[in-house]
Every structure is written in C-alpha cells, then in structure tokens.
Amino acid sequence: MLNLWNLLFLSFVHFSSFSVTLGGVSGNPFTPKSSFIRYWNKEVHREIPNTHFLLSKVSPLTAVDSASFSKLAAHNNLASRLPSFCSSAKLFCFPDLSPSLEKHSKDVNFAFYLDRNFTNYGSDRLAGLDSFKNYSENDNVVVDSFRRYSRDSAGHKDQFSNYASASNVVDQSFNTYGGAATGGSGNFNNYNHEVNVPNLRFTSYSDDSNGHGQTFTHYTEETNAGQQSFSNYGKNGNGVPNDFTSYGKDSNVMGSDFSGYGKTANGAKDTFTSYAFDSNNPVNGFKSYGDGGNAAVDSFSSYRDQSNVGDSSFQSYAKSSNGAKVDFDNYGQSFNEGTEKFTGYGQGADGQSIGFKIYGRNTTFKDYTKKGVTFSRYSNESSTALGKVVVSKWVEPGKFFREKMLKRGMVIPMPDIKDKMPARSFLPRTILSKIPFSSSEIDQLKRIFHAGDNSTLGTIMLDALKECERPPSPGETKRCVGSAEDMVDFATSVLGRNVEVRTTQNVNGSKKNIMLGSVGKINGGKVTKSVSCHQSLYPYLLYYCHSVPKVRVYEADILDPNSMEKINHGVAICHLDTSSWSSGHGAFLALGSGPGRIEVCHWIFENDMTWTVADS
C-alpha cells in the first residue's frame with residue numbers, strides 16, 4: 001500500500017513534467033533555480049534578472065532529482081547514491097578507489113594512467129622499473145592509494161616524475177611503501193608541482209628496508225596550502241639515504257610533519273637542501289626524528305631560507321642516538337621573523353656532532369644536550385632589507401592598493417583574481433537542511449561523503465566547519481551559507497531588503513597591467529557597510545559571509561592599456577578602518593604604514609561577491 005509520501009512524490013513527478021510560468025519564472029516551477037528566483041523576488045525589493053551571475057551558482061538538479069535526493073537525505077541514506085548525487089548536484093567529491101591492481105611481473109609505464117588503487121602492487125618484485133610519468137596530470141581531484149607498494153622487493157626502482165602536477169586537490173597515501181625492501185630506489189621528481197591543495201601521507205614508508213633510498217626533487221614546489229605527513233618513515237631502516245631537494249620551494253602555507261622519521265635506523269643519511277626555500281609561512285614538525293638511531297648523518301642546508309615567517313619544531317630530535325651527525329647551515333633565515341623550537345634535542349645521545357651555522361634569531365633550545373653542539377654566526381638581526389626585496393613574492397603586485405588609485409586613466413597591476421577552487425554548486429534548502437553541519441557531527445558527514453579516517457576530504461570538511469564555528473571578531477557579524485536562499489537571508493538581515501550583489505565580471509586583465517576606464521562610486525561614495533562573501537573549500541558550494549563596516553565600494557571598467565578596449569568590469573572595496581588588522585598583514589607589507597593609519601583597497605576576486613544597499 002502506498003504511503004502518503006509516495007503518493008505526493010508520484011503526483012509531484014507527474015506535475016513536474018509540465019512547463020509553466022509562475023511568479024515571473026519560466027519553466028519547471030519545482031527546480032531549485034525556479035524556486036530561488038521566486039524566493040529572491042519575494043525577499044528583495046528588486047527582481048533578479050535571468051542572466052544574473054548568482055543564478056549560475058544555484059543547484060542544477062532537476063525537480064525529480066531534487067525530490068529524490070531530498071528523500072534520501074531525510075532517511076540518512078545519501079551515502080548510498082553519492083556518486084550520482086555528486087555528479088547531478090555538481091559537488092566536489094573524492095572518487096571511490098577502484099579495485100587493486102595487485103601484482104605484476106614486468107616493467108610498467110603509467111603515463112596518463114587513471115587507476116587509483118595500487119595496493120600490494122610490486123610486492124616481492126625482483127628488480128625492474130615502474131614509471132609514473134605525467135600521472136594524473138591536470139586533474140581536478142586526484143586520489144591514489146599506494147598501500148604495501150614494493151613491499152619485500154629487491155632492487156626494484158620506482159619513478160614518480162611530473163606526478164599529479166598542475167592538479168587541484170591531491171590526496172595520496174603511501175602506507176608501508178617499500179617496507180622491508182632491499183636495494184632499489186624511489187625517485188619523486190616534480191611531484192605535485194603547482195598543485196592547489198596537496199595532502200600526502202607517507203606512513204611506515206621504507207620501514208625495515210635495507211639500502212632502499214628515496215630522492216624528493218622539486219617535491220610539492222609552487223603549491224598552495226596542503227599538508228605532508230611522514231610517519232615512521234625509514235624506521236628501523238639500514239643504510240637508507242633520503243634526499244629532499246627543493247622540497248616545498250615557493251609554496252604557500254605548507255605544513256610537513258616528520259614523526260618517528262628514521263627512528264632506531266642504522267646508518268641513515270638524510271639531506272634537506274633548499275627545504276621550504278622562499279616559501280610563505282611553512283610549518284614543519286620533526287618529532288622523534290632519528291630517535292635511537294645509530295651513526296645517522298643529517299644535513300639541513302638553506303632550510304626555510306628567505307621564507308616569510310614560518311614555524312619549525314624539533315622535538316626529541318636525535319634523542320638517545322649513537323654517533324649522530326647533524327648540520328644546520330643557513331637555517332631559518334626568513335625575511336620575516338619565524339619561530340624554531342628545539343626541545344629535547346640530542347638529549348641522551350652519545351658521540352653526536354651537531355652544528356648550527358648561520359641560523360635564525362628567533363630560535364629556542366630547551367632541554368638540549370650541551371655536549372657536542374656548536375653554534376656559529378647566530379643571526380641577531382632581522383633581514384629587513386631582504387624582506388623589502390622579496391615581500392612581493394607573497395604579496396602579489398596589485399593585490400592591495402590605495403583609494404586614490406581608483407581614477408580614470410590610472411594604469412595599475414591587477415593580481416591573479418582567478419578562482420582556484422573546484423567548481424561546485426549550492427544545495428537546495430530542501431536537501432541542505434537534512435545534512436549535518438557541525439564539527440561535532442564530522443563522523444556522520446564523513447560517512448555521507450565517503451571520507452575515510454585521516455582522509456584529506458575529512459580534514460577539508462573539519463577545517464571549514466571550525467572556521468564557520470569560530471566566534472566572530474569584535475564588531476563582526478558572520479554566517480556560513482550553503483544555499484542561495486541562506487545567502488539572501490543573511491545579506492538582507494544586515495542591510496535590509498533593498499540590496500544589490502556585485503562581483504568582478506571575469507578574470508581578463510588578471511596578472512597584467514590594466515587601465516581604469518569609467519569609475520563609479522556605489523551609494524554615491526558614502527561610507528557604508530557591506531556584506532562580503534568568500535568561498536570555503538567544502539563538498540558543496542559554501543560561502544563565509546560577514547559584515548564589513550566602514551567601507552566604500554567602487555565599480556570600474558577595466559581596459560587593455562595598449563588597445564584601450566574594455567576587457568572587464570571590476571568591483572573594488574576600500575576598507576577605511578584598518579585599526580584592528582595585524583601589523584603583519586600583507587597590505588601593510590605591500591603599501592607600508594600600519595593598522596589604522598591608511599585605508600586599504602582590493603578587487604573582488606572571481607566567484608567572491610559583495611552586497612550593498614542598492615542605489616536608488
């Protein structure tokens with residue numbers, strides 16, 4: 001016997017096949033887009049044009065699919081249809097791993113290969129070579145599992161060249177990779193180059209191996225954000241040489257965690273050359289690194305040199321080791337003061353030699369051994385001159401500018417305003433309201449979106465949730481929104497119902513010099529408040545919206561300075577009160593001055609937006 005829900009659903013499916021015009025909306029009245037248009041026209045004092053950019057972000061689901069997925073969400077069963085849900089609703093989801101490739105008996109070249117699961121691949125392999133060249137290049141989401149790869153092999157070589165380069169979000173797991181291997185080598189060259197959010201886990205990598213060396217050359221170079229984890233890497237290994245050259249160079253906010261690295265190893269040799277060189281705020285943790293090792297040789301050359309800020313922690317490094325030799329040359333010479341902490345460094349070790357040559361000034365040594373440690377050329381001065389030279393590396397020209405620059409005929413640099421996040425859509429409220437949105441419910445969210453424990457997707461969701469749950473700053477009103485209706489509700493609650501939303505029209509002129517044409521002042525140039533909305537990385541389109549007091553908003557035609565043709569229409573916002581900003585804010589590094597002393601302007605980037613009271 002049909003229950004009431006099924007009867008209603010069948011009636012709805014029958015009716016949804018018709019096309020009608022209702023409330024100014026042409027087409028199926030039950031689609032999320034039609035529903036939102038009616039909602040806007042009811043809540044906002046001016047009708048929304050059918051070509052409005054905000055409509056492109058509304059869920060593309062059909063009326064039938066919207067009702068079907070809403071029913072699944074109500075019964076907590078979306079996980080059973082996740083691939084279809086992600087595809088139909090235009091979400092950012094990680095693909096489920098395909099079946100394992102298992103063993104192979106001959107050399108293999110994985111060029112442009114799309115398989116994801118290499119569990120037990122190469123185990124017990126005798127000699128030979130596997131090449132991963134141009135693997136997963138230019139992909140959006142790359143998820144690979146190398147579990148028990150090359151385990152117990154002898155003389156087996158692996159080459160990862162141009163692996164997953166220029167991809168967006170990369171998640172790789174190397175669990176017990178090369179464990180108990182004898183001889184052979186692994187080469188990671190140009191690995192994850194120019195990746196937006198790399199997340200890599202090397203757990204028990206080369207554990208118990210014998211002479212199986214790895215080289216990391218140009219590893220995660222020029223990447224943005226992300227996290228590297230090396231847990232029990234080379235543990236109990238014998239004569240395992242590892243070389244990290246240009247690791248994390250030119251990266252932005254890169255985190256690396258070396259826990260139990262080389263622990264109780266014999267004759268390990270690790271070299272970190274140009275590690276996190278010229279990077280922005282790299283965070284590196286070496287916990288129990290080389291602990292209990294025998295005759296290890298570690299070299300840190302140009303480690304975090306010329307980087308901006310950054311934080312490094314060496315906890316129980318080389319503790320209780322025998323005959324360890326560690327050399328820090330040009331360590332931590334960041335142009336803005338970073339932090340180094342050496343806790344329990346070399347404590348209880350016997351016969352070790354540790355040298356610090358030209359190391360950073362903001363360094364603390366707690367409970368470290370006084371025996372066998374030499375300090376040469378401790379830098380007690382900040383590298384201010386260097387900072388002025390390389391500050392533009394991390395504060396892109398044109399990212400911040402003064403209000404006086406917003407005049408017709410001005411030629412100014414435009415930063416890279418292109419949206420780096422994966423394309424996604426809002427969810428309909430009927431589905432969104434049935435999906436948890438709380439860090440306390442992260443386990444349920446991970447089940448819905450097929451995110452495993454310690455997975456990248458799980459971390460991405462938890463980070464976004466915590467930022468949304470963070471208490472607002474003094475004077476700030478904030479809300480995270482996952483539907484277009486929620487965004488309208490927040491903006492109108494702050495500004496009233498006579499509102500308008502704007503964004504920069506396209507990305508033309510990005511990373512080039514531009515000329516300003518006609519410049520318009522929103523609200524007549526009056527000091528006002530606005531609601532700015534910025535994307536957060538999450539499976540569905542999620543915006544962090546907050547009120548911004550004491551601003552002036554401008555729009556301007558953007559011209560090619562050579563042809564004088566219009567190529568874009570930009571929206572800029574000028575913050576008049578910067579008194580609560582950090583003195584280390586990039587705006588002050590680029591423009592000079594400090595908090596509360598100057599106004600700071602910037603463009604609204606692609607897919608970000610700002611709401612204001614509408615002009616009469």
Side-chain angles (χ1 to χ4, degrees), residues 57 59 73-74 76 78-79 82 86 89 91-94 169 171 196-197 199 224-227 229 252-253 255 257 281 283 285 311 419-422 424-495 529-549 575 580-582 585 605 607-611:
K57 305 180 186 308
S59 175
N76 198 23
L78 267 179
L82 183 67
C86 291
L91 307 185
F92 162 64
C93 302
F94 279 30
V169 180
D171 180 87
N196 186 24
V197 186
N199 289 274
N224 179 42
Q227 180 73 30
S229 173
N252 180 35
V253 198
D257 179 22
N281 197 22
V283 179
D311 179 85
D419 178 15
K420 303 298 194 303
M421 291 197 180
R424 296 152 296 150
S425 293
F426 281 129
L427 283 180
R429 259 186 175 173
T430 54
I431 298 176
L432 185 69
S433 61
K434 300 176 179 67
I435 297 177
F437 191 76
S438 168
S439 60
S440 63
E441 299 173 291
I442 186 63
D443 288 340
Q444 188 176 349
L445 281 163
K446 285 161 62 176
R447 187 189 64 80
I448 292 172
F449 290 103
H450 294 189
D453 292 336
N454 301 315
S455 67
T456 299
L457 184 56
T459 301
I460 286 171
M461 290 192 294
L462 186 60
D463 287 347
L465 291 168
K466 287 184 176 179
E467 176 62 16
C468 290
E469 293 168 354
R470 175 186 59 80
S473 304
E476 180 189 37
T477 304
K478 61 187 276 285
R479 182 180 176 186
C480 288
V481 297
S483 75
E485 291 88 349
D486 286 348
M487 182 179 283
V488 168
D489 285 352
F490 179 73
T492 55
S493 72
V494 175
L495 302 171
K529 63 180 176 179
S530 69
V531 168
S532 289
C533 295
H534 316 278
Q535 287 188 82
S536 295
L537 187 57
Y538 205 71
Y540 51 81
L541 187 57
L542 181 70
Y543 276 90
Y544 176 97
C545 295
H546 62 123
S547 63
V548 184
H575 300 266
S580 63
W581 294 21
S582 166
H585 194 284
F605 284 21
N607 287 325
D608 288 346
M609 61 192 83
T610 187
W611 296 71

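For the numbers below, each heavy atom of this structure counts, side chains included, while hydrogens, waters and symmetry mates do not.
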Check: Hey, does Gln444 have a side-chain heavy atom less than 4.5 Å from the side chain of Asn76?
Finding: yes
Checklist line | Residues in side chain to side chain donor-acceptor pair (under 3.5 Å) contact with Tyr540, at least two apart in sequence or another chain | finding: none
Check: Do Leu465 and Tyr538 come within less than 4.5 Å of each other through their side chains, counting heavy atoms only?
Finding: yes
Next item on the list: List in chain and number order the residues that pass side chain to side chain donor-acceptor pair (under 3.5 Å) with His534, two or more places apart in sequence or in another chain; answer none if no residue qualifies.
Entry: His546
Notebook entry, point to check: So do Leu427 and Leu91 actually touch side chain to side chain, heavy atoms under 4.5 Å?
Noted result: yes
Margin query: Could you work out, with salt bridge (charged side-chain N to carboxylate O under 4.0 Å, His left out) as the rule, every residue matching Asp486, not counting sequence neighbours?
Written below: Arg429, Arg479
Notebook entry, point to check: Hey, are the side chains of Cys533 and Met487 touching, using non-hydrogen atoms and a 4.5 Å cut-off?
Noted result: yes
Next item on the list: Indicate the atoms forming the closest heavy-atom contact of Cys545 with Val481, along with that distance.
Entry: SG-CG2, 4.0 Å
Next item on the list: Say whether, by atom type as modelled, one donor and one acceptor occur between the side chain of Ser547 and the main chain of Thr477 under 3.5 angstrom.
Entry: yes
Notebook entry, point to check: Ser438: what forms a side chain to side chain donor-acceptor pair (under 3.5 Å) with it, not counting sequence neighbours?
Noted result: Ser440
Item checked: From Leu537 atom CG to Arg424 atom CZ, the distance as rounded to the nearest 0.5 Å -> 6.0 Å
Note to self: For residues 436-485, which residue pairs pass the disulfide bond (SG atoms under 2.5 Å apart) check, not counting sequence neighbours?
What the structure shows: Cys468-Cys480
Notebook entry, point to check: Are any non-hydrogen side-chain atoms of Gln535 and Lys57 less than 4.5 angstrom apart?
Noted result: no
Check: Among all residues two or more places apart in sequence or in another chain, which pass the ring pair (Phe, Tyr, Trp, His ring centres under 6.0 Å) test with Phe426?
Finding: Tyr543
Next item on the list: Determine whether more than 12 heavy atoms belonging to other residues, nucleotides or ligands lie under 6.0 Å from atom NZ of Lys529.
Entry: no
Check: Is any side-chain heavy atom of Val548 less than 4.5 Å from a side-chain heavy atom of Thr610?
Finding: no
Item checked: From CG (Leu542) to CE (Met461), nearest 0.5 Å -> 12.0 Å
Next item on the list: Could you check if a side-chain atom of Asp419 sits within less than 4.5 angstrom of a side-chain atom of Phe605, using non-hydrogen atoms only?
Entry: no
Checklist line | Leu457 side, atom CG; Lys446 side, atom NZ - distance, nearest 0.5 Å | finding: 10.0 Å
Next item on the list: Apply side-chain hydrogen bond (donor to acceptor under 3.5 Å, both in side chains) to Glu469 and Ser439, showing your working.
Entry: CA-CA 8 Å; Glu469 293 168 354; Ser439 60; 2.7 Å; yes
Check: Lys478 side chain to Arg470 main-chain N or O, any donor-acceptor pair under 3.5 Å?
Finding: yes
Margin query: Does any part of the side chain of Ile460, heavy atoms only, come nearer than 4.5 Å to the side chain of Phe92, both counted from C-beta?
Written below: yes
